[in-house]
Amino acid sequence: MHRLLIPVLALVLSACDQEAMFEKFVPKEEAALAKQVIFQLTARDFASVEAQLDPSLRSPDLRSKLDEMAKQVPSGEPMSIRTVGAHTNTTNSITRFDLTFEYQYKDTWLVANAVLERRDGKVVVQGIHFTPRTRSLEAENAFTLAGKSALHYAVLALAVAIPLLVVYALIVCVRTKVPKRKWLWLLFVAVGLVQFQFNWTTGAWGIQPLSFALLGAGFFKAGPVAPYIFTLAFPLGALVFLKKRRSYAQRVDA
């Protein structure tokens, strides 16, 4: 199993600095404003928070709701603040920013989500949500084999085996004398069809029938602390060619 893990771990270790790439997509002005509003809420400066909320949210019980949220914040100053989510969407001249931050305290963590909207040149807060956590998101979503199921091991084995099969079939295809249009065979062999996606952290999975994957397998993360999502695809092209190449070889010999 250790040998099996080497290719996957090598891919993880050799991946580009995803944190730096992620930071390029974080809207700096809006992120600073979101942090300011969150700080005001944790400091119980409710008047300042209310002033920046969308008018539709200013209900009679708003102050009590803000007070309940403030009670979820751990005592003391945060040791670090990390941006872990940033999504921007523009529709009909209204830009919506969905920003998530992770606050680290001495013995616990707090995930804070703030939704902002920019319209007519003004930014208003559409919502704030706190989620206390006992571990950091990075620790929760780390790649580990501890406590994993048989399905996890099967996915990991296929994530290594399928690309090896596809690469082998590609090499054989290059060396085989195909009568015509070898490039079509190479393209067919290089991709897997029908994607199976597997969340390494939660074990949740799904199937995308109308999709393909280069070399038949891979993995990705939606963000620097997001869970690993493994993708597997059926190597139909590789299997068909490896079976078909015998007939090509026989033609050459004849």
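Any value given below was found using the heavy atoms of this structure, including those in side chains, with hydrogens, waters and symmetry copies removed.
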Checklist entry - What is the distance from atom OG1 of Thr201 to atom OH of Tyr228, rounded to the nearest 0.5 Å? => result 9.5 Å

Checklist entry - Parallel under 30°, tilted from 30 to 60°, perpendicular over 60°: which one fits the rings of Trp200 and Phe230? => result tilted

Checklist entry - Can you tell me how far CG of Leu53 sits from CZ of Arg58, rounded to the nearest 0.5 angstrom? => result 6.5 Å

Item to check | Any Leu242 side-chain heavy atom under 4.5 Å of Tyr168 side chain | outcome: yes

Next on the checklist: Looking at Lys180, I want to see if its NZ is surrounded by more than 12 non-hydrogen atoms of other residues, nucleotides or ligands under 6.0 Å.
Outcome noted: no

Checklist entry - Got a salt bridge between Arg133 and Glu140, using NZ or NE/NH1/NH2 to carboxylate O under 4.0 Å? => result yes

Checklist entry - Is Phe130 atom CZ crowded by more than 12 heavy atoms from other residues, nucleotides or ligands, each under 6.0 Å away? => result yes

Checklist entry - Taking all atoms of both residues into account, what is the closest heavy-atom pair of Asp54 and Gln126, and its distance? => result OD2-NE2, 2.7 Å

Item to check | Exercise: identify the closest heavy-atom pair between Thr108 and Pro74 | outcome: CG2-CG, 3.5 Å

Item to check | Donor + acceptor pair across side chains of Gln52, Gln36 (<3.5 Å) | outcome: no

Checklist entry - Taking everything shown except Asp61 itself, do over 12 heavy atoms lie less than 6.0 Å from its CG? => result yes

Checklist outcome for this item: In this structure, CG of Asn89 is separated from CD of Glu117 (nearest 0.5 Å) by 10.0 Å

Checklist entry - What is the distance from atom CG of Leu116 to atom OG1 of Thr95, rounded to the nearest 0.5 Å? => result 11.5 Å

Item to check | Atom pair CZ/CG of Arg135 and Asn141 - distance to nearest 0.5 Å | outcome: 8.5 Å

Checklist entry - Shortest non-hydrogen contact from Lys65 to Ser59? => result NZ-OG, 4.4 Å

Checklist entry - Using the ring of each side chain (for Trp, its six-membered ring), is Phe198 parallel, tilted or perpendicular to Phe196, with breaks at 30° and 60°? => result parallel

Next on the checklist: Could you check whether any side-chain heavy atom of Leu99 comes within less than 4.5 Å of a side-chain heavy atom of His87, counting everything from C-beta outward?
Outcome noted: no

Checklist entry - Is the distance between the ring centroids of Tyr103 and Trp109 under 6.0 Å? => result no

Checklist entry - Are Leu156 and Phe219 close enough that some pair of their side-chain heavy atoms sits under 4.5 Å apart? => result no

Checklist entry - Heavy atoms, side chains only, cut-off 4.5 Å: are Asp67 and Lys71 in contact? => result yes

Checklist entry - Going only through I, L, V, M, F, W and Y residues with side-chain contacts under 4.5 Å, is there a path from Leu215 to Leu184? => result no

Checklist entry - Does any non-hydrogen side-chain atom of Leu236 lie less than 4.5 Å from one of Phe188? => result yes

Checklist entry - Honestly curious: do Phe101 and Phe25 fall in one hydrophobic cluster under the side-chain, below-4.5 Å linking rule? => result no

Item to check | Common cluster, Leu151/Tyr153, ILVMFWY with side-chain heavy-atom separation under 4.5 Å | outcome: yes

Next on the checklist: Between Ser80 and Gln104, is there a side-chain donor-acceptor contact under 3.5 Å, judged purely by atom types and distance?
Outcome noted: yes

Checklist entry - Is the closest side-chain heavy-atom distance between Leu137 and Val111 below 4.5 Å? => result yes

Item to check | No-hydrogen, no-angle side-chain donor-acceptor test under 3.5 Å, Gln197 and Gln195 | outcome: yes

Checklist entry - Is it true that a side-chain atom of Lys182 and a backbone atom of Thr176 form a donor plus acceptor pair closer than 3.5 Å? => result yes

Checklist entry - Where do Ile128 and Met69 land on the side-chain contact (heavy atoms from CB on, under 4.5 Å) test, with the steps shown first? => result CA-CA 9 Å; Ile128 305 173; Met69 289 186 62; 3.7 Å; yes

Item to check | Closest contact, heavy atoms only, Trp185 versus Lys244 | outcome: CZ2-CG, 4.0 Å

Checklist entry - Does Arg118 come within less than 4.0 Å of Glu29, counting only side-chain N to carboxylate O? => result yes

Checklist entry - What pair of heavy atoms forms the shortest contact from Leu110 to Gln72, and how long is it? => result CD1-O, 4.1 Å

Checklist entry - Can you find a pair of side-chain heavy atoms, one from Ser211 and one from Val194, that are under 4.5 Å apart? => result no

Next on the checklist: Is there a path of hydrophobic side-chain contacts, each under 4.5 Å between heavy atoms, that joins Leu214 and Val174?
Outcome noted: yes

Item to check | Pair Arg63 + Glu50, salt bridge at N-O below 4.0 Å | outcome: yes

Next on the checklist: Please determine whether residues Ile207 and Leu210 belong to a single hydrophobic cluster, defined as Ile, Leu, Val, Met, Phe, Trp and Tyr linked transitively by side-chain heavy-atom distances below 4.5 Å.
Outcome noted: no

Next on the checklist: Tell me the closest heavy-atom pair linking Ile162 and Ala233, and the distance in Å.
Outcome noted: CD1-O, 3.7 Å

Next on the checklist: Would you compute the distance between atom CZ of Phe97 and atom CD of Glu30 and round it to the nearest 0.5 angstrom?
Outcome noted: 3.5 Å

Checklist entry - Would Leu165 and Leu239 count as a side-chain contact (heavy atoms from CB on, under 4.5 Å) if you check the C-alpha gap in whole Å, the side-chain angles of each, and the deciding distance to 0.1 Å? => result CA-CA 9 Å; Leu165 174 64; Leu239 294 174; 3.9 Å; yes

Checklist entry - With distance as the sole test, does Lys177 use its side chain to make a donor-acceptor pair with the main-chain N or O of Arg175 at under 3.5 Å? => result no

Checklist entry - Side chains of Val125 and Leu33: does their closest heavy-atom pair fall under 4.5 Å? => result no

Checklist entry - If you draw a 6.0 Å radius around OH in Tyr105, do more than 12 non-hydrogen atoms from other residues or ligands fall strictly inside? => result yes

